[in-house]
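Here's the structure, in C-alpha cells; my notes come after.
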Amino acid sequence: MDKTGESYTAARRQVLNKKIDYAALAGMADEKVKAKTGRDWSEWTRTLDAFGAKDKPHRDVAEHVHSIGVPDWWAQTVTVGYERIRGLRAIGQRRGGSWETTKSKTIAVPVDKLFDAFANARTRKRWLGDVKLKVRSATKPKAMHITWDDQTSVDIGFFPKGEAKSYVAVAHVKLPSKADADRKKQFWSEKLDALAKLLTK
DNA sequence: AAGATATTTGCGAGCAAGCC
DNA sequence: GGCTTGCTCGCAAATATCTT
C-alpha cells in the first residue's frame with residue numbers, strides 16, 4: 001500500500017468534491033437524501049453544525065430537522081447520519097453507549113414452527129447449541145426475550161410472511177463494545193443458517 | 001450483465017412495568 | 001412521582017439472489 005499516495009488522493013478528493021464519503025459514513029446515499037430532504041450530506045452537516053446539533057440530544061436535532069420540512073422517517077435518518085458523520089455514534093450504537101446488532105432470516109416455515117424452534121429447549125439445542133440462556137418472556141408466536149449468559153439481552157421477533165413463510169428477527173442488545181457486537185452478529189448469522197437448514201429439511 | 005424480486009438491516013417511538 | 005428499562009412494531013433503503 002502506498003500510504004502517501006492514498007492520503008494524497010483522499011485529500012484531493014476532498015478539495016475537488018468537498019464531499020468526502022459522508023454518504024458512506026451515514027449509511028445513506030447522497031442522491032437519496034438530496035431527493036427526499038432537499039439537501040445532501042455536506043449541506044446537512046453544515047446546516048446542523050450551524051444549529052449546534054453537536055451538543056444537542058438526538059430528539060432535539062430530529063425535531064429541528066423535522067421542523068424544516070423533512071418527513072418523520074427521514075428526520076431520523078438525517079439525524080443519525082449526521083451523528084455518524086460527526087463521530088458522535090457508530091453503527092449499532094445506542095443511546096447510553098451500549099451496542100446492538102440485528103440479524104434476521106426468512107424461513108419457509110409457518111410462524112408457529114419457527115417460534116417452537118426457539119421456545120422448545122430441546123429443539124433449540126439442535127441448532128443453537130448448548131448456550132446458557134434464560135427466557136425472560138415469550139409471547140405466543142410473536143416475540144421472545146432472552147437474557148444471554150453474559151448478561152446481555154436478546155430480543156427475538158417472529159413475523160408471518162405470506163402463507164407458509166415467516167421470518168425471524170434477532171436483536172442482540174446491551175453489548176458493551178463494538179467488538180462484541182461484531183462477534184454476536186457473526187454468531188447469529190451462523191446459527192440462523194443452521195436453523196433454516198434444520199427446519200427446511 | 002441488467003433487471004426484477006426477495007431479503008435483510010438499523011433505528012426510534014410509544015406504552016407498560018419496575019425501581020428509586 | 002419521575003426516571004429507567006423492557007417490549008413491540010413499522011419503515012424504507014441497501015444488499016443479496018434469482019431470472020432471463
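Each chain gets a letter, A, B and so on, in the order its sequence line appears, and its residues count up from 1. Quick caveat, the model's predicted, so the values are computed rather than measured.
- Within the 4.0 Å cut-off from OP1 or OP2 of dG10(B), at least one side-chain nitrogen or oxygen of Thr102(A) is found.
- For dG10(B), neither phosphate oxygen OP1 nor OP2 lies less than 4.0 angstrom from any side-chain nitrogen or oxygen of Lys103(A).
- Listed nucleotides dT8(B), dT9(B), dC11(B) differ in distance to Glu100(A); the shortest reach to its side chain belongs to dC11(B).
- The six-membered or imidazole ring of Phe158(A) lies near that of Phe118(A), with a centre-to-centre distance under 6.0 Å.
- At a threshold of 4.5 Å between non-hydrogen side-chain atoms, the residues Phe187(A) and Leu128(A) count as touching.
- Atoms OG1 and NZ, from Thr102(A) and Lys185(A) in turn, are 5.5 Å apart once rounded to the nearest 0.5 Å.
- No contact: Ala169(A) has no heavy atom under 4.0 Å from any strand.
- Rounded to whole angstrom, the span from the CG atom of Asp155(A) across to the P atom of dG6(C) amounts to 9 Å.
- Out of dT8(B), dG12(B), dC9(C), the shortest distance to the side chain of Gln76(A) is found at dG12(B).
- Nearest nucleotide to the Ser104(A) side chain, out of dA13(C), dT9(B), dT7(B): dT9(B).
- For dT7(B), the OP1/OP2 oxygens have a side-chain nitrogen or oxygen of Lys165(A) closer than 4.0 Å.
- Comparing dT7(B), dC9(C), dT8(C) by their closest approach to the side chain of Lys142(A) singles out dC9(C).
- Taking the six-membered ring where tryptophan is involved, the planes of Trp188(A) and Trp127(A) are tilted, since the angle between them lies from 30° to 60°.
- Side-chain atoms of Arg84(A) lie closest to dC11(B) of the nucleotides dC9(C), dA13(B), dC11(B).
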